[in-house]
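Encoded as structure tokens, the structure appears first; notes follow it.
Scope of the values below: all heavy atoms of this structure, side chains included, with no hydrogens, waters or symmetry mates. Here the structure is a predicted model, which means the values were calculated and not measured.
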Amino acid sequence: MINRLRQKFDAKWVAITAAVAVLVLFIVFPMLYLIWRSIFVEGSFDFATYRHVYSQSANWRAFLNTFYISLSVTLASVCISFPLAWLVGRTDLPGKGFFRTTFIASYMIPPYVGAIAWTQLLNPSVGYLNDWLVSVFKLSKAPFDIYGMGGLIWCLTLFYSPFAFITISRALEKMDPSLEEASRVAGASPLGTLWRVTLPLMFPSIIAGGVLVFIGVGSAFGIPAIIGMPAQIEVLTTRIVTYVYLGTGKGIRDATALAVSLMIAANFVLYASTWILTRKDYVTISGKSTRPNLVELGKWKWPLTLLVSLYGFIAIFLPLASIAVTSLIKSLSRPISLDNLTIATWLAALKNDQYMTPLWTSFVTGAAAATIATVIALFTAYLLVKTKMRGRAIPDALATLGGATPSIVIALALIITFSGEFGLNLYNTFAILVVAYMVKYITMAVRTIAASLSQVHSSLEEAALNSGATWLQSLRDIMLPLIGPSIVAGWFLVFMPSFYELTMSIILYGSQTKTIGVLLYELQTYADPQDASVLAVIILLIILVGNLILRKVSKGAIGI
């Protein structure tokens with residue numbers, strides 16, 4: 001009897017089933033319940049919530065603002081990223097490695113930290129850059145005001161354009177150069193070849209990068225909250241948070257309708273772009289081992305190097321310097337000078353439990369989310385890559401669904417689903433933060449581990465099983481040692497964004513579960529820029545160390 005039970009008990013399928021069950025419970029079920037709650041009022045099918053939400057002009061303005069800002073940032077990001085990616089990847093521009101790292105660096109900086117930095121630089125009253133320009137050019141008033149539509153688009157462009165840059169630069173560096181060479185042989189100039197050949201061939205990558213920017217900006221909360229709300233510019237995410245903060249059942253229903261609208265819009269853009277790209281053949285990478293020729297810039301080399309350096313300075317180094325200086329300054333009302341610098345603010349912040357407790361909370365919840373996500377990702381990736389089971393791609397699709405869904409939608413879905421109505425109450429607990437981070441970022445771990453598993457030949461596992469080892473033993477002794485670096489890399493890819501996450505945390509945190517992102521947002525909102533800068537620098541240092549570890553364990557394959 002015991003032997004028969006042992007034969008039926010297969011640890012592999014138990015582990016995989018448990019992983020899939022977690023994905024269904026925390027991704028599929030909350031999403032379906034969110035939609036159900038938006039179209040059923042008191043148990044009856046009714047679009048009353050939608051009629052009420054879209055009868056208010058403030059929500060229509062938020063919807064139009066979201067579309068306008070997302071489209072503007074997408075166009076600006078593509079216009080900036082394509083020439084930068086071409087210069088870095090396809091020309092003899094000096095210092096290309098340094099510039100590539102610089103342009104990608106803003107990808108790992110939390111966008112709300114960037115927003116804080118630019119409010120310090122372009123505040124119309126006390127902004128460092130405005131003060132300097134007024135002083136140098138004897139202006140009557142500050143030339144820039146970050147609190148406006150222009151400032152919002154500017155800041156979002158700087159911190160979301162790396163999405164487009166990464167996508168376009170990878171495609172440019174791998175494309176087949178034969179068509180370009182044919183164009184040059186036919187007498188076309190480098191610029192003419194770029195315009196008539198390279199740009200059309202890069203269309204899919206440009207669209208893909210643009211879609212990532214569009215969805216990312218439409219789902220963003222940090223920058224619109226810090227820059228847009230003081231200027232009374234609302235977008236869908238800030239309206240959803242406003243409704244949730246009302247704390248009433250009606251407020252939650254209205255938030256639910258807006259969240260479902262945002263989810264539908266994001267998925268429509270995603271699938272529409274995929275449909276458009278599949279209508280035409282855009283093969284640009286052949287199986288031949290070819291490397292695109294570098295275009296010689298000639299007399300334009302150094303002017304373009306200067307221009308690219310200026311962009312890197314404005315996009316990365318200037319805001320980071322602003323944050324660092326503000327964290328060390330004695331009095332914001334006095335000019336920046338050596339006698340106005342101190343480390344007292346740092347010492348006070350490091351001794352303050354009100355600041356260190358959220359930092360520890362973020363560390364613990366981020367580590368827990370990363371650990372759980374990595375374990376589930378391991379079994380999901382194994383099911384996808386190492387089995388022939390029908391429907392094996394479904395768990396991977398569920399993980400991707402979580403990653404593609406706007407953070408604010410995930411947070412709202414979890415809070416209405418797991419507040420006790422179905423016997424599981426995670427409201428105001430650490431667990432709901434862990435679940436939210438896991439749902440949003442697990443796809444990064446799945447992709448990393450699946451790529452590594454696909455490189456391990458099945459014969460190694462079969463040899464272990466034929467030698468009498470159990471599946472768990474073969475996993476422990478064969479698979480895990482071979483894919484260990486990818487597992488660590490996948491863990492860090494979940495941990496880092498979870499550590500500084502703001503959009504979901506601002507809805508899900510409780511009095512005992514405040515995270516570092518929420519604390520930083522509150523400090524900035526309630527005008528304590530110095531302490532906010534200290535915490536922002538701490539976050540950046542932790543991200544930098546995490547990135548260095550990531551590069552080390554992945555041997556440079558992952559990380560910036």
Side-chain angles (χ1 to χ4, degrees), residues 22-38 66 110-112 212 215-222 224-225 235-241 243-245 252-253 255-267 269-270 362 365-366 368-370 372-373 376-377 395-419 421-422 424 426-446 493-510 513 515 517-518:
V22 172
L23 293 177
V24 171
L25 176 63
F26 292 119
I27 297 178
V28 178
F29 181 48
M31 297 299 172
L32 292 177
Y33 188 57
L34 179 76
I35 296 171
W36 189 88
R37 281 283 297 264
S38 72
T66 301
Y112 59 87
L212 289 177
I215 294 175
V217 172
S219 309
F221 171 76
V235 295
L236 282 177
T237 54
T238 55
R239 286 296 295 171
I240 292 171
V241 173
Y243 276 127
V244 172
Y245 273 27
I252 294 293
R253 283 198 300 275
T256 301
L258 282 182
V260 172
S261 302
L262 182 60
M263 181 169 64
I264 292 172
N267 281 283
V269 171
L270 189 63
S362 289
T365 52
I372 296 170
I376 296 172
D396 175 61
L398 296 182
T400 305
L401 173 66
T405 304
S407 299
I408 201 94
V409 177
I410 293 173
L412 193 58
L414 290 176
I415 205 169
I416 65 172
T417 307
F418 299 115
S419 293
E421 189 168 347
F422 298 99
L424 182 60
L426 302 179
Y427 187 67
N428 279 351
T429 64
F430 288 95
I432 199 165
L433 292 172
V434 173
V435 169
Y437 301 157
M438 184 271 291
V439 168
K440 180 63 183 176
Y441 302 115
I442 189 174
T443 185
M444 297 180 179
V446 173
L493 286 175
V494 178
F495 171 77
M496 285 200 288
S498 300
F499 174 74
Y500 58 70
E501 207 282 334
L502 170 64
T503 306
M504 295 185 287
S505 308
I506 199 75
I507 288 181
L508 300 174
Y509 84 99
T513 59
T515 64
V518 175

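For Pro110, the side chain to side chain contact (heavy atoms under 4.5 Å, CB included) partners two or more places apart in sequence, or in a different chain, are Tyr112, Val113, Tyr500, Ile539, Leu540, Ile543. Not counting sequence neighbours, Tyr441 has no partner by the ring pair (Phe, Tyr, Trp, His ring centres under 6.0 Å) test. With sequence neighbours excluded, the residues that form a side chain to side chain contact (heavy atoms under 4.5 Å, CB included) with Ala377 are Ile442, Ala445, Val446, Ile449. In this structure, the side chain to side chain contact (heavy atoms under 4.5 Å, CB included) partners of Ala257, at least two apart in sequence or on a different chain, are Thr49, Tyr50, Val53. For the ring pair (Phe, Tyr, Trp, His ring centres under 6.0 Å) test, residues two or more places apart in sequence or in another chain that qualify with Phe422 are Phe29, Tyr33. Partners of Tyr243 under the ring pair (Phe, Tyr, Trp, His ring centres under 6.0 Å) rule, at least two apart in sequence or in another chain, do not exist in this structure. Looking at residues two or more places apart in sequence or on another chain, you find a salt bridge (charged side-chain N to carboxylate O under 4.0 Å, His left out) between Arg37 and Glu421. Considering only residues two or more places apart in sequence or on other chains, Ile415 meets the side chain to side chain contact (heavy atoms under 4.5 Å, CB included) condition with Leu412, Ser419, Tyr427, Ile507, Leu508. For Thr417, there are no side-chain hydrogen bond (donor to acceptor under 3.5 Å, both in side chains) partners, not counting sequence neighbours.
Residue pairs meeting the side chain to side chain donor-acceptor pair (under 3.5 Å) criterion with at least one member in residues 397-406, sequence neighbours excluded, are Thr400-Arg447. Here salt bridge (Lys or Arg N to Asp or Glu O under 4.0 Å) pairs that include residues 433-442, with residues two or more places apart or in two chains, number zero.
Expressed to the nearest 0.5 Å, how far CG of Leu398 lies from CD1 of Ile376 amounts to 11.5 Å. Interatomic distance, CD1 of Ile506 versus OG1 of Thr515, reported as 7.5 Å (0.5 Å rounding). Note: Ile408 CD1 to Ser219 OG = 9.5 Å, rounded to the nearest 0.5 Å. Atoms OG1 and CD, on Thr365 and Glu501 in that order, are 9.5 Å from each other to the nearest 0.5 Å. With rounding to the nearest 0.5 angstrom, the OH atom of Tyr509 is 10.5 Å from the CG atom of Leu502. Separation of atoms OG1 (Thr256) and CD1 (Ile416) is listed at 4.5 Å; rounding is to 0.5 Å.
Nearest heavy-atom pair across Ile410 and Gly402 is CD1-O, 3.4 Å. The minimum heavy-atom distance linking Ala259 with Val409 is given by the pair O-CG2, 3.4 Å. Of all heavy-atom pairs between Thr237 and Ala220, the closest is OG1-O, 2.7 Å. In terms of heavy-atom proximity, Arg239 sits nearest to Leu258 at CB-CD1, 3.8 Å. Residues Ala369 and Ser498 come closest through the heavy atom pair CB-OG, 4.4 Å. Closest approach of Ile372 to Met438, counting heavy atoms only: CG2-CG, 4.4 Å.
Considering only heavy atoms from C-beta on, Ser505 comes within 4.5 Å of Tyr437 through its side chain. Residues Thr513 and Leu433 meet the side-chain proximity criterion, which asks for heavy atoms closer than 4.5 Å. Side chains of Leu25 and Val22 form no contact here, defined as non-hydrogen atoms less than 4.5 Å apart.
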